[in-house]
Amino acid sequence: MDHKKVRVRFAPSPTGGLHLGGVRTVLFNYLFAKQHKGDFVLRIEDTDQTRYVPGAEEYINECLRWCGLTPDESPAAGGPYAPYRQSERKALYRQYAEQLVQSGHAYYAFDTPEELEGMRERLKTPENPSPQYNHVVRQKMRNSLTLPDAEVQELLAKNTPHVIRINMPANEELIFTDMVRGEVTFNTNQVDDKVLLKADGMPTYHLAVVVDDYLMKITHAFRGEEWLPSAPVHLLLWKYLGWEADMPQWAHLPLILKPDGNGKLSKRDGDRLGFPVYAMNWTDPRSNEFTKGFRELGFLPEAFINMLVMLGWNDGTEQEIFSLEELIRKFSIERVHKAGAKFDFEKAKWFNHQYLVRKDNESLAALFQPVLAEKGITADPAYVATVAGLVKERCHVINEIWDHGFFFFQTPLSYDEASVKPKWNADKEAFFTAWSEQLASLSSFTAPELEASFKALAAEKNIKMGELQLPFRIMLTSGKFGPPVFDIAATLGIEETKARIAKGLEAFK
RNA sequence: GCCGCGUUGGUCAAGGGGUUAAGACGCCUCCCUUUCACGGAGGAAUCACGGGUUCGAUUCCCGUACGUGGUACCA
């Protein structure tokens with residue numbers, strides 16, 4: 001093989017939020033590059049000016065930063081092959097398209113959008129619902145293959161709007177080796193004369209991807225499986241441009257599918273099924289449509305990444321939890337699955353839970369502070385860390401720390417009285433009144449101390465612990481949930497504990 | 001329609017001519033815990049179908065079915 005430095009790229013178009021599948025493509029690119037001590041470049045494919053969405057590029061940068069998958073070269077960071085935004089490379093592409101026209105591998109086409117539409121309408125039949133501009137149809141269209149030379153020259157001279165199309169050969173078998181699928185075969189009859197250069201002078205994806213991959217010395221091209229059908233166009237372009245020897249190795253990654261079948265996972269499915277599809281919150285600046293993201297839902301980036309990598313890849317062992325460093329070491333494109341994977345949000349939450357439990361309390365507290373701030377609550381970092389430590393094993397996402405620990409930040413307003421009242425009596429009331437009184441005499445307000453004195457008094461008054469613990473819990477938390485009661489009391493502190501006992505006693509009467 | 005790609009429990013998946021066909025998520029039962037979780041022990045559940053090849057196919061080949069992607073001056 002060769003000894004070229006590995007260079008890969010992620011080439012999104014800035015049209016909106018970054019999809020799960022996009023992040024996974026980034027991840028595979030990144031892991032492969034880092035494993036081979038290569039470069040990972042971010043290239044923005046903004047050749048469709050009508051679809052450009054302001055803010056989308058910044059959003060992509062921020063997603064990558066959050067995930068810890070920072071590109072070595074990008075529009076923001078620059079690099080030896082700048083610019084990395086295709087709109088800024090516009091002037092570059094035309095010469096290559098013209099070169100292809102010269103060599104007979106491409107031609108000018110003057111058909112207007114209306115004429116194309118008309119052709120499709122005319123040729124459409126039940127057997128052929130989408131007629132292509134192919135080697136037979138092009139004979140009847142207005143292009144430099146059918147028009148007299150003089151007319152072509154005149155049209156060009158008059159700046160008549162035109163595109164440049166690839167001249168797909170008839171009936172050629174194209175074979176290439178895909179890193180995940182092995183040998184893949186196509187017949188050129190099945191692919192149409194794709195537009196290479198649009199009327200506005202911008203290249204289409206097809207031209208831009210090969211020109212830029214060549215110019216940027218990309219060695220391995222990973223992209224979603226949806227690109228497989230247009231691979232023959234790209235293969236031919238590499239060949240016709242005379243760059244065959246430098247063509248990257250292709251890897252078409254399996255898609256991430258809807259959990260309930262039928263198609264690629266889309267952000268619509270997330271809304272419909274109640275889970276995020278985008279990495280981070282995204283608001284479309286034009287429609288103001290809001291789509292929630294994994295980050296804001298309370299996912300940890302390392303868990304998000306781990307969950308994504310397992311969708312289509314495994315190392316052959318039973319291990320499921322991997323750090324980024326470990327993934328860089330162990331990842332192999334050969335072990336990537338060929339088939340698409342249905343997204344399972346339950347499993348995604350399980351991954352996050354694994355990371356939540358392992359994470360230190362201080363970090364969790366820091367991540368949880370914004371959630372508290374949103375509720376107008378200010379709390380001491382050390383206190384929040386204690387709470388996080390107490391409730392984390394029952395949370396799937398950061399935000400759930402609130403669901404399982406809200407009572408650490410606010411006194412219960414109402415109680416699960418149905419679980420207390422039926423068995424409530426004067427003896428129990430007396431117990432709590434007495435115990436509350438003696439709290440001040442404890443040598444330390446800690447869980448073991450509290451439990452010891454609680455037990456002692458219960459024994460003295462001849463009441464079973466179980467009969468007492470539940471009411472106590474409900475006084476403190478309002479319901480049947482939460483960490484061990486004495487841990488809660490110890491965390492709350494003596495004043496708050498006494499206050500809650502008093503308040504509970506009132507409510508249970 | 002045509003073309004490409006795919007198909008191991010509900011989901012993610014290991015395996016790959018002879019196996020009791022791993023493991024994880026989820027689900028169910030029990031234990032732990034007089035809360036909820038964590039944890040532990042069990043359980044139900046899988047090789048799409050039909051032909052070959054073979055002494056033997058989940059595994060190799062061919063069909064079929066199904067799924068999925070593409071079929072734009074979108075990426």
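The sequence lines fix the lettering, A, B, ..., with proteins before strands; numbering per chain opens at 1. Every value quoted in this text rests on a predicted model; they were computed, and no experiment measured them.
- Less than 4.0 Å separates RNA chain B from at least one heavy atom of each of the following residues of residues 159-168 of chain A: Val163(A), Arg165(A).
- The local environment of NZ in Lys338(A) is sparse, with at most 12 non-hydrogen atoms from other residues, nucleotides or ligands closer than 6.0 Å.
- Within the nucleic acid shown, Val391(A) has no heavy atom closer than 4.0 Å to any nucleic acid atom.
- Cation-pi geometry between Lys347(A) and Trp350(A) is satisfied (NZ or CZ under 6.0 Å from the ring centre, within 45° of the ring normal).
- Counting only Watson-Crick and G-U wobble pairs whose two distances sit under 3.5 Å, RNA chain B takes part in these stems of three or more pairs: B:1-7 with B:65-71, B:10-12 with B:23-25, B:27-31 with B:39-43, B:48-52 with B:60-64.
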Do any N or O atoms of the protein come closer than 3.5 Å to N or O atoms of nucleotides 59-66 of chain B, and which pairs are they?
none

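- Nucleotide C31(B) is shown with an anti base, its glycosidic torsion being more than 90° from 0.
- Atoms CG (Asp192(A)) and C1' (G4(B)) sit 14 Å apart, rounded to a whole Å.
- You'll find that the side chain of Met465(A) is closest to U34(B), out of C73(B), U34(B), G1(B).
- Among the protein residues, Glu127(A) comes within range of the nucleic acid bases, having at least one heavy atom under 4.0 Å from a base atom.
- When rounded to the nearest whole Å, the span between CZ of Phe486(A) and P of U33(B) equals 15 Å.
- At the heavy-atom level, Thr477(A) lies nowhere under 4.0 Å from the strands shown.
- The number of heavy atoms from other shown groups lying within 6.0 Å of CZ (Arg268(A)) does not exceed 12.
- Thr15(A) comes within 4.0 angstrom of nothing in the nucleic acid, heavy atoms only.
- Side-chain nitrogen and oxygen atoms of Thr47(A) include none within less than 4.0 Å of the OP1 or OP2 phosphate oxygen of C74(B).
- The aromatic rings of Phe454(A) and Phe431(A) lie perpendicular to each other, with more than 60° between the two planes, well past the 30° mark.
- Going from the P atom of G40(B) to that of A45(B) covers 24 Å, rounded to whole Å.
- Using a 4.0 Å cut-off, no side-chain N or O of Arg394(A) falls inside it from OP1 or OP2 of U33(B).
- Contacts between residues 105-120 of chain A and RNA chain B, defined by a heavy-atom separation under 4.0 Å, are made by Asp111(A), Pro113(A), Leu116(A), Arg120(A).
- The side chain to side chain donor-acceptor pair (under 3.5 Å) contacts involving residues 198-211 of chain A comprise Tyr205(A)-Arg223(A), where partners must be two or more places apart or lie in separate chains.
- Ranked by how close their nearest RNA chain B nucleotide is to the 5' end, Leu197(A) and Phe186(A) are led by Phe186(A).
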Can you check nucleotides 9-13 of chain B for protein contacts, nitrogen or oxygen pairs under 3.5 Å, and list what you find?
from   : atom 1 : to        : atom 2 : distance (Å)
C12(B) : OP1    : Lys342(A) : N      : 2.9
C12(B) : O2'    : Met310(A) : O      : 3.3
A13(B) : OP1    : Gly312(A) : N      : 2.8
A13(B) : O3'    : Asn314(A) : ND2    : 2.9
A13(B) : O3'    : His337(A) : NE2    : 3.2

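- Annotation for Ala221(A) and Arg9(A): closest pair CB-NH2, 3.8 Å, computed over non-hydrogen atoms.
- With respect to the salt-bridge test (charged N to carboxylate O, under 4.0 angstrom), the residues Arg181(A) and Glu225(A) qualify.
- In this structure, Gly263(A) reaches the sugar-phosphate backbone alone: every heavy-atom distance under 4.0 Å involves primed, P, OP1 or OP2 atoms, never a base.
- Pro126(A) comes within 4.0 angstrom of sugar-phosphate atoms only, judged by non-hydrogen atoms across all strands, and of no base.
- Contacts of Glu393(A) with the nucleic acid, taken as non-hydrogen atoms under 4.0 Å apart, include base atoms.
- For U8(B), neither phosphate oxygen OP1 nor OP2 lies less than 4.0 angstrom from any side-chain nitrogen or oxygen of Lys338(A).
- Shown are Tyr355(A), Phe294(A), Tyr278(A); of these, the ring-ring contact (aromatic ring centres under 6.0 Å, His included) with Phe304(A) is made only by Phe294(A).
- At a threshold of 4.0 angstrom between heavy atoms, the contacts of Lys264(A) are confined to the sugar-phosphate backbone, with no base atom among them.
- Arg223(A) comes within 4.0 angstrom of no nucleic acid atom, judged by non-hydrogen atoms across all strands.
- Across all strands, Arg473(A) comes closer than 4.0 Å to base atoms (heavy-atom distances).
- Glu318(A) has its CD atom 14 Å from the C1' atom of C25(B), to the nearest Å.
- For U34(B), neither phosphate oxygen OP1 nor OP2 lies less than 4.0 angstrom from any side-chain nitrogen or oxygen of Lys480(A).
- Checked against a 6.0 Å centroid threshold, the rings of Phe407(A) and Trp402(A) do not count as neighbours.
- A side-chain donor-acceptor contact under 3.5 Å links Thr491(A) to the backbone of Asp487(A).
- Phe481(A) places its CZ atom 9 Å from the C1' atom of C36(B), with the value rounded to the nearest Å.
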